[in-house]
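Worth saying up front: this structure is predicted, and the values here are computed from it rather than measured. Chain letters run A, B, ... following the sequence lines, proteins first, then strands; residues in each count from 1.
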Number of protein chains: 2
Amino acid sequence: MSSAKINAAIDNLKEAGVRITPQRHAILEHLIESMSHPTADEIYKALEGKFPNMSVATVYNNLRVFKEAGLVKELTYGDSSSRFDCVTTDHYHIICDSCGKIVDFHYPGLDEVESLAESVTGFEVGRHRMEIYGICPECKRKH
Amino acid sequence: MSSAKINAAIDNLKEAGVRITPQRHAILEHLIESMSHPTADEIYKALEGKFPNMSVATVYNNLRVFKEAGLVKELTYGDSSSRFDCVTTDHYHIICDSCGKIVDFHYPGLDEVESLAESVTGFEVGRHRMEIYGICPECKRKH
DNA sequence: TAGACTAATTATAACGATTATAAAGTAATA
DNA sequence: TATTACTTTATAATCGTTATAATTAGTCTA
Ligand SMILES: [Mn+2]
Ligand SMILES: [Mn+2]
Ligand SMILES: [Zn+2]
Ligand SMILES: [Zn+2]
């Protein structure tokens with residue numbers, strides 16, 4: 001049930017001293033219930049019915065607040081907009097080159113690559129990023 | 001010797017019917033001899049002594065031409081500018097979180113992850129992207 | 001509860017990287 | 001040489017995002 005997750009997120013924010021405004025509640029709710037990886041603008045448009053006066057800056061500001069609280073992760077891509085993921089446990093993504101869909105995908109983690117990189121380059125390794133690109137089943141069906 | 005690589009790149013372009021202008025030659029030369037992963041603007045600034053009238057659009061246009069010819073790869077990052085890599089054979093990068101330096105790093109390739117992703121998600125996998133982030137030896141020394 | 005303080009939202013301007021446009025220049029072709 | 005296509009240049013436009021300043025709302029304290 002996603003309302004439990006929303007409540008947990010709200011408690012988390014309250015403990016960090018962040019006020020729960022109607023806009024913040026709605027943005028959080030949308031992130032959690034959409035079960036997707038929306039852009040700031042998609043969130044903005046999805047909520048403009050309920051909040052016709054909300055500024056796009058409010059969406060960006062609050063996504064930053066949520067990020068700092070550890071409630072969302074930002075997924076950055078070269079050309080286009082960032083996407084936001086409210087699943088903060090470690091996981092990877094596979095992205096459709098044709099329609100842009102992003103699907104979660106779990107894998108043990110690439111510790112071996114990290115430690116090899118460390119020994120070869122002399123870097124102190126902190127983290128890594130990995131995504132897979134391909135064609136999703138729906139797009140495959142349409143040739 | 002990097003001049004051999006420049007000549008090979010030029011032959012490649014000629015065969016593809018691309019004219020070798022002085023600007024194109026200089027951009028290629030800079031990419032190959034700098035042995036780094038410069039941004040379009042870094043290339044532009046590096047060449048403004050030799051080409052005081054060159055437009056930044058020329059740099060972008062020609063980087064696209066080179067990309068389409070398979071001579072360079074574009075490395076995209078969320079916030080900041082793209083970087084360009086004239087080493088087009090498969091390799092990974094490790095990036096310093098402190099100074100931004102990008103270092104090449106070879107690893108067998110993650111075929112296993114790709115095939116697992118394919119079977120789990122139903123995608124037809126084409127490629128993947130992986131980078132490692134950490135602190136480079138020089139930045140470690142400065143605490 | 002009034003007044004003061006603080007935080008959040010809004011509207012709008014600014015920013016930086018990149019791309020589009022149109023004019024002018026250059027090379028290839030006939 | 002005249003025609004044509006390609007390339008460069010200068011400049012404007014675009015897009016995602018952030019900064020600014022004014023307004024509004026919430027919280028705290030006397
Ligand atoms: Mn995800
Ligand atoms: Mn490289
Ligand atoms: Zn698809
Ligand atoms: Zn460093």
Side chain of A:Thr21: nearest nucleotide among C:dT18, C:dA8, C:dT10?
C:dA8
Between atom CZ in A:Arg64 and atom P in C:dT9, what is the gap in whole Å?
12 Å
Whole-Å gap separating C1' (C:dT6) and CZ (A:Arg19):
6 Å
Comparing B:Pro52 and B:Val18 on DNA chain D - which has the more 5′ nearest nucleotide:
B:Val18
Round to a whole Å and report the spacing from CD of A:Glu48 to C1' of C:dT9.
17 Å
Counting the atoms with a prime plus P, OP1 and OP2 as sugar-phosphate, which does B:Asn62 contact under 4.0 Å by heavy atoms, base, sugar-phosphate, or nothing?
sugar-phosphate
Looking at A:Asn61, I'd like to know whether one of its side-chain N or O atoms comes within less than 4.0 Å of OP1 or OP2 on D:dA19.
no
Please tell me if A:Tyr60 has a side-chain N or O lying less than 4.0 Å from either OP1 or OP2 of D:dT17.
yes
Could you pick out which residue, B:Ser80 or A:Ser55, lies toward the 5' side of DNA chain C when each is mapped onto its nearest nucleotide?
A:Ser55
Please work out whether the ring planes of A:Phe105 and A:Tyr107 are parallel, tilted or perpendicular, with thresholds of 30° and 60°.
tilted
Rounding to a whole Å, what distance do you find between A:Lys45:NZ and D:dC15:C1'?
12 Å
Between the side chains of A:Glu74 and A:Ser82, does any donor sit under 3.5 Å from an acceptor?
yes
If you find the nucleotide of DNA chain C closest to B:Pro22 and the one closest to B:Val56, which residue's nucleotide is nearer the 5' end?
B:Val56
Pair B:His128 + B:Tyr92: ring centers closer than 6.0 Å:
yes
For atom CD1 of B:Ile20 and atom C1' of D:dT7, their distance in whole Å:
12 Å
Mutual orientation of the aromatic rings belonging to A:His37 and A:His91 [parallel < 30°, tilted 30-60°, perpendicular > 60°]:
tilted
Atom CZ of B:Phe66 and atom CG of B:Leu31: how far apart are they, to the nearest 0.5 Å?
7.5 Å
Pick base, sugar-phosphate or nothing for B:Ser81, based on heavy-atom distances below 4.0 Å to the nucleic acid.
sugar-phosphate
Touch check for B:Ser82, heavy atoms < 4.0 angstrom, all strands: base, sugar-phosphate only, or nothing?
sugar-phosphate
What does A:Asn53 touch in the nucleic acid at a heavy-atom separation under 4.0 angstrom: a base, only the sugar-phosphate, or nothing?
sugar-phosphate
Measure from CZ on B:Arg24 to P on C:dT26 and round the result to the nearest Å.
15 Å
When rounded to whole Å, the NZ to P distance for the pair A:Lys14 and C:dA7 reads 18 Å
Rounded to the Å, how far apart are B:Glu42 CD and C:dG16 C1'?
15 Å
